[in-house]
**Q** 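Handing you this structure, nothing more for now.
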Amino acid sequence: MYPDDLKYSKEHEWVRMNGNIAEIGVTVFAQESLGDVVFVDLPDVGRDVAQFAKFGEIESVKAVSDLFSPVGGKIVEVNAAATDSPEVVNEEPYGTGWLIKVELADASQLHDLMDSATYQATLE
Amino acid sequence: MTISANAGDIDRRLLMDRSVTGRKAFTLPDSDVPKQNLPDSSFLRDHVELPEVSQLEVIRYFSVLSQLNFSIDTNFYPLGSCTMKYNPKINDELSNLPGLADIHPLQPDETVQGAIRLLKNLQDDLGEITGLPGVSLAPLAGAQGEYAGLLIARAYHNARNDSARTVAIIPDSAHGTNPASAAMAGLDVVTVRSDDQGNVDVENLRELTNENTAVFMLTIPSTLGLFEPNILELTKIIHDVGGLVYADGANLNALLGLVKLGDLGVDICHSNLHKTFSTPHGGGGPGSGPVMVTDELAKFLPKPVAEKTDDGYVLATPEMSVGSINGFHGSFSIAARAYAYIKALGLEGLQSVSENAIISANYIQAKLRDKYDLAADRYCMHETVLSAARQKKRGVAGLDIAKRLLDFGIHAPTMYFPMIVDEALMVEPTESESKETLDHFIAVMRQIDDEVDSEPELVHEAPHDLPVTRLDEATAARNPVLRWTAD
Amino acid sequence: MLEVIGVDSLDGLLGDIPIEHRHPKLDIDAGLSEQELSTVFGSIAAENASSSSGYISFLGAGSYSHYIPSTVRSILQRGEFVTAYTPYQPEAAQGTLQVGFEFQTIICQLTGMEVANAGMYDGPTAFAEACLMAARVTKRTKIGVLSTADRRLPDTLLAYSKYQGIEIVEISTDATEIPDDLACIGIQSPNFFGEIEDVERLTNLAHENGALSVVHVNPTALGMFKAPGEFDVDIVTAEGQPLGVPMAFGGPYVGLFACKKAHIRQMPGRIIGRTTDTKGRTGYALTLQTREQHIRRERATSNICTSTQLIGLMVTVYTATLGKQGIKDLASLCYQKAHYAASEINGLDGFSVESLGSGGTFFHEFVVTCTDSVSQINAALLDKKIIAGLDISDRSNNGMLVCVTETSSKADIDKFVQALSQIEASA
């Protein structure tokens, strides 16, 4: 449910590092709370985002939530599949349901995030 | 090919799919004037793609559709905070009289003295009921009334050159229109907490008020159906910092003749004529949301305000009016219905409305509290907020219970509002219902609670017996189809 | 019941209301029986002048006299429509929802636009919301309104935008350049003076400058005049009252609102979508609700909640009744009668109708320029039970805005013309 190789933020986003690129999405808890995701509003590629700043919005039938980036940097890729078929966020939140990729500006920011066990503890 | 005889299958084809070229439902008279030149064809369209059906088909189509609805006329409708009371038919009839339905809004005042007199009398009655004598009937719905009220608050502070007033304090239990209206009025929304009794946390309010407080928006009674025991202290806190108190009057059905908002320190309020004053909901309007204010604030009211002068009745613009919030004079024929309602009830009738509304809600609360949690363990006013938290632990959510009620021909209560109550189900019976209807509702709610354990699927999959089962709202939002198209 | 609740009297339930303010004295009259109520209302109605008391009227300017077919009143008798609530439980409201879907379809068909919502409060608030939507879409704060628009449009926009950092500027109807930071040009066509604007040219001008085109139309005119959708307009609004809704001294009406599909998430108001149930049957539900106040609260596209659904039903029944041919015939009738009246009045000494020679065209409203004060003329006509056109001297010197619809017979028009000629003769 909460893979060990990922880092987590208190706003229920996860980070997977590939070299200097942070792949970011929302956790199983987030997509369960939202219900069926119907729309994802993602930013333009090339934009900068600060750590914990809002980068977009995610909507279900009955709710809307802001998306906050766990790390700061330049947005180098956004997931067209999430905007075209938002259900992938429910189906594979850690896989095909990823949202954005950020070129990390400051690697030390990863220390501000939680590991799997710590994040799960916050869900109780 | 065999045609199935299933009475439950309803033909849901749209008008365009039923159209046959050349069919007509209506004939207009021929022109009786000499033929006039048409403009250049570059201005003109060839035709409008619209239905072509017979008049019988029009009547049958809409009549069948109406039968797919729940309504007050056909079902018990305990939708909390919506006040689904009986809509007297005489009010519809009288507001449609020739001389009321066919007058133009821009006719000279002297040709519409009856209409303006009606508006003035309704203003006076609403002023009396709320204790806030400055009244404008311009707002076309509660949300517009709220917005007008906030414009008035801002105009008041601006007139005193008090430009630091930029904050609206709103309880976490508030209806969504409150913060939405505040945002439209350019105010920053600051949320004040409710305590565990469902009241506004007085200390939290004290912490949050300061010289930036423009207005405190409060629903009275609250969205939990409770009357603030500290109301006088709350309004004093706001006045002490020079702010204004705005009361959302959506729940006024609990207060008629029992207390005046103006006596409690309220400066501005709105009322929903389509709730408290029996005008029909119409499936989502039209409504009317008159705004009422103290004498001091009356000069800021939106136009028009009906006035009586020595020369007769006029529609006037207050000297520092916040302006025109819509096209004409408000929902006149809705105002006419509300006026008829008040005149028919009279003083004693109005009082008994609130008395019976309060008794009915408390009766339901008393008879269901052993099965359903209460949002607050105290007597309620005109509505009771139950929680399906206990049922949720046993595997069935408030949503499922609401849908299961539909199978019994009872419209669901308001769900998941206020947001501060877990699995909220807000039940407002109104004063219109008989004890037998209330007892039946109570019995059904108790039975559904049993079904949670004995037949949970029955509740999960509800409704079963309606024209449609649960609808796929996710697909409707992901791939919106919002109009007919030729396939 | 009090016993079950556990109190001796109602006062036991009112404990939280400060005792010194409980049971106040109210100066409200005693109640009336239905019969007495009818008498009261009869006398109120009798004090108003209208066609039912023998008056003829040539008022328009945003509210119009049209014949309402019996089908509309008949369907309005159905309590299942009248006394239902907003369709938050779609399974219990398929009637209201399917009607709303038909309404959205009709608005798209009339305006030539891709999507429409289920209705706003009225024309002017729909226009105001459209301009604010243009500001959100373009992320600009300056709104242009054409100088020929009804003042009620920018007045309502002003009330709606006062605290949102919006600036409203007037754009001349023959402008060839506009500020490059406009969110939109707001155009009324036919305009306040009855004339058709060059929507195509103005829309191109807007788009060249990165602005949207917002056009406020008269729906009856769309029975004969080109739909704004043909000109790549971005948002269309209108007052829906002419389509089967009584004038009723100004309300309730319904605002029509349609736009390009690309902007749909910024569109305010309720939207009804088609979907299926668990058995695959077609059904309808409110959709894209995350735009609205009950979910987005202070970040909603609008604070609108209760709107005008029943008026939307009237518009839907009316348009279904008139149908493809009726809408065309109705527009033609209004046009023919208005142009007849205009040319007859233009032929009188002391009155002229500029629209007749302007090279443009008008639908069913036109300005009569008089040589005397319009208020005096109107007072004299009132004595003859004629409610003449609107006095618009504040916008057009000695100007009277006259509207003629299918409800005016040739005899009515001739009576009006004759009365005008008599005034001029006695002057």
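Per chain, numbering begins at 1; letters A, B, ... match sequence-line order.
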**Q** C:Ser74 versus chain B, heavy atoms under 4.5 Å apart: side chain, backbone, both or neither?
**A** side chain

**Q** Heavy-atom cut-off 4.5 Å, strictly under: side chain, backbone, both or neither for C:Ser409 against chain B?
**A** both

**Q** Tell me if a side-chain donor or acceptor on C:Lys226 pairs with a main-chain N or O of B:Ser42 at a distance below 3.5 Å.
**A** yes

**Q** With chain B, which of C:Gln104, C:Glu406, C:Gln89 has the greatest number of heavy-atom pairs at distances under 4.5 Å?
**A** C:Gln89

**Q** The test is side-chain contact (heavy atoms from CB on, under 4.5 Å); show your working for B:His281 and C:Gln309 and say whether it passes.
**A** CA-CA 9 Å; B:His281 288 276; C:Gln309 213 66 31; over 6 Å; no

**Q** Between C:Ala285, C:Gly312, C:Ala320, who has the most heavy-atom pairs with chain B when the cutoff is under 4.5 Å?
**A** C:Ala320

**Q** Is the shortest side-chain heavy-atom distance between B:Leu106 and C:Ser63 below 4.5 Å?
**A** no

**Q** With heavy-atom distances below 4.5 Å as the criterion, would you say the side chains of B:Leu65 and C:Glu80 are in contact?
**A** no

**Q** Counting only heavy atoms closer than 4.5 Å, note whether C:Ile5 contacts chain B via side chain, backbone, both or neither.
**A** both

**Q** B:Asp472 and C:Thr275: side-chain donor and acceptor closer than 3.5 Å?
**A** no

**Q** Chain B heavy atoms under 4.5 Å from C:Pro124: which part of the residue, side chain, backbone, both or neither?
**A** side chain

**Q** Which pair of non-hydrogen atoms, one from B:Gly99 and one from C:Asn48, has the smallest distance, and what is that distance?
**A** O-ND2, 2.8 Å

**Q** In terms of relative ring orientation, are C:Phe225 and B:Phe43 parallel, tilted or perpendicular, with 30° and 60° separating the classes?
**A** perpendicular

**Q** Quick check: do C:Ile44 and B:Leu100 have side-chain heavy atoms less than 4.5 Å from each other?
**A** yes

**Q** Tell me whether C:Gln94 contacts the main-chain N or O of B:Val468 through its side chain, where contact means a donor paired with an acceptor under 3.5 Å.
**A** no

**Q** Counting only non-hydrogen atoms closer than 4.5 Å, does C:Lys328 touch chain B with its backbone (N, CA, C, O), its side chain (CB onward), both, or neither?
**A** side chain

**Q** Nearest heavy-atom pair of B:Asp102 and C:Ser51: which atoms, and what distance?
**A** OD2-OG, 3.6 Å

**Q** Is any side-chain heavy atom of B:Glu110 less than 4.5 Å from a side-chain heavy atom of C:Leu382?
**A** yes

**Q** Show your working on side-chain contact (heavy atoms from CB on, under 4.5 Å) between C:Thr316 and B:Phe62 and close with a plain yes or no.
**A** CA-CA 10 Å; C:Thr316 308; B:Phe62 288 100; 3.8 Å; yes

**Q** Of all the heavy-atom pairs spanning C:Ser302 and B:Ala180, show the shortest one and how long it is.
**A** O-CB, 4.4 Å

**Q** B:Ala101 and C:Pro246: which non-hydrogen atoms are nearest, and at how many Å?
**A** O-CB, 3.4 Å

**Q** For C:Glu34, does the CD atom sit with more than 12 other heavy atoms under 6.0 Å from it, leaving out its own atoms?
**A** no

**Q** Checking B:Gln113 side chain against C:Glu47 main chain: does a donor-acceptor pair fall under 3.5 Å?
**A** no

**Q** Shorter than 4.5 Å, heavy atoms on both sides: which option in B:Pro105, B:Ala25, B:Ala477 has the most such pairs with chain C?
**A** B:Pro105

**Q** Which bit of C:Ile271 is near chain B, if near means a heavy-atom gap under 4.5 Å: side chain, backbone, both or neither?
**A** side chain

**Q** C:Arg78 versus chain B, heavy atoms under 4.5 Å apart: side chain, backbone, both or neither?
**A** side chain

**Q** I'd like to know which of C:Leu110, C:Asp329, C:Leu76, C:Leu14 tops the heavy-atom pair count under 4.5 Å against chain B.
**A** C:Leu110

**Q** Indicate the atoms forming the closest heavy-atom contact of C:Gln336 with B:Gln36, along with that distance.
**A** OE1-N, 2.8 Å

**Q** Can you measure from OG (B:Ser66) to CG (C:Leu313) and round to the nearest 0.5 angstrom?
**A** 9.5 Å

**Q** If I measure from the heavy atoms of chain B, does C:Ala92 come under 4.5 Å with its side chain, its backbone, both, or neither?
**A** both

**Q** Flag the one option from C:Ile106, C:Thr125, C:Val40, C:Asp122 with the top tally of heavy-atom pairs under 4.5 Å to chain B.
**A** C:Asp122

**Q** Counting only non-hydrogen atoms closer than 4.5 Å, does C:Tyr55 touch chain B with its backbone (N, CA, C, O), its side chain (CB onward), both, or neither?
**A** neither

**Q** For B:Leu14 and C:Gln98, what are the C-alpha separation, side-chain angles and deciding distance, and is it a side-chain contact (heavy atoms from CB on, under 4.5 Å)?
**A** CA-CA 8 Å; B:Leu14 295 165; C:Gln98 187 161 335; 3.8 Å; yes

**Q** Tell me, for C:Glu114 versus chain B, whether the close heavy atoms (under 4.5 Å) come from the side chain, the backbone, both or neither.
**A** backbone

**Q** Just checking, is any N or O donor in the side chain of B:Ser324 or C:Asp155 under 3.5 Å from an acceptor N or O on the other one?
**A** no

**Q** Specify which of B:Leu406, B:Asn37, B:Leu38, B:Val53 makes the most heavy-atom pairs with chain C at under 4.5 Å.
**A** B:Leu38

**Q** Does B:Glu348 CD have over 12 foreign heavy atoms under 6.0 Å away?
**A** no

**Q** Would B:Leu118 and C:Phe41 count as a side-chain contact (heavy atoms from CB on, under 4.5 Å) here? Give the steps.
**A** CA-CA 9 Å; B:Leu118 186 156; C:Phe41 266 72; 3.9 Å; yes

**Q** Looking at C:Tyr163, does the NZ or CZ of B:Arg154 lie under 6.0 angstrom from its six-membered ring centre and within 45 degrees of the ring axis?
**A** yes

**Q** Which atoms of C:Ile17 come close to chain B, meaning under 4.5 Å heavy atom to heavy atom: side chain ones, backbone ones, both, or neither?
**A** both

**Q** Please give me the minimum heavy-atom distance between C:Tyr85 and B:Tyr77, naming the atom from each residue.
**A** N-OH, 3.1 Å

**Q** Heavy-atom cut-off 4.5 Å, strictly under: side chain, backbone, both or neither for C:Ser65 against chain B?
**A** neither

**Q** Output the option from B:Gly114, B:Cys82, B:Gly349, B:Ser288 having the highest count of non-hydrogen pairs under 4.5 Å with chain C.
**A** B:Gly114

**Q** Name the region of C:Ile327, side chain, backbone, both or neither, that has any atom closer than 4.5 Å to a heavy atom of chain B.
**A** side chain

**Q** Treating B:Asn69 as the side-chain partner and C:Gly95 as the backbone partner, does any N or O pair qualify as donor plus acceptor under 3.5 Å?
**A** yes

**Q** Are the side chains of B:Arg12 and C:Tyr284 in contact, using a 4.5 Å heavy-atom criterion?
**A** yes

**Q** For the interface with chain B, which of C:Gly31, C:Ser53, C:Ser52, C:Ala84 has the highest count of heavy-atom pairs at distances below 4.5 Å?
**A** C:Ala84

**Q** I'd like to check B:Leu226 versus C:Asp16 (side-chain heavy atoms, cut-off strictly below 4.5 Å). Are they in contact?
**A** no

**Q** Let's test your reading of the structure: which of C:Ala118, C:Ala93, C:Ala379, C:Ser343 forms the most heavy-atom pairs below 4.5 Å with chain B?
**A** C:Ala93

**Q** Check whether any side-chain N or O of B:Tyr147 sits under 3.5 Å from a backbone N or O of C:Ala159 as a donor-acceptor pair, and report yes or no.
**A** yes

**Q** I'd like to check B:Pro39 versus C:His339 (side-chain heavy atoms, cut-off strictly below 4.5 Å). Are they in contact?
**A** no

**Q** Can you tell which part of C:Leu333 gets under 4.5 Å to a heavy atom of chain B, answering side chain, backbone, both or neither?
**A** side chain

**Q** Only pairs of heavy atoms separated by less than 4.5 Å count here; which of B:Thr469, B:Asp73, B:Ile231, B:Asn272 has the most with chain C?
**A** B:Thr469

**Q** Is there a side-chain contact between C:Ser38 and B:Ile90 (heavy atoms, below 4.5 Å)?
**A** yes

**Q** Just how far is it from atom NZ of B:Lys24 to atom NZ of C:Lys324, taken to the nearest 0.5 Å?
**A** 13.0 Å

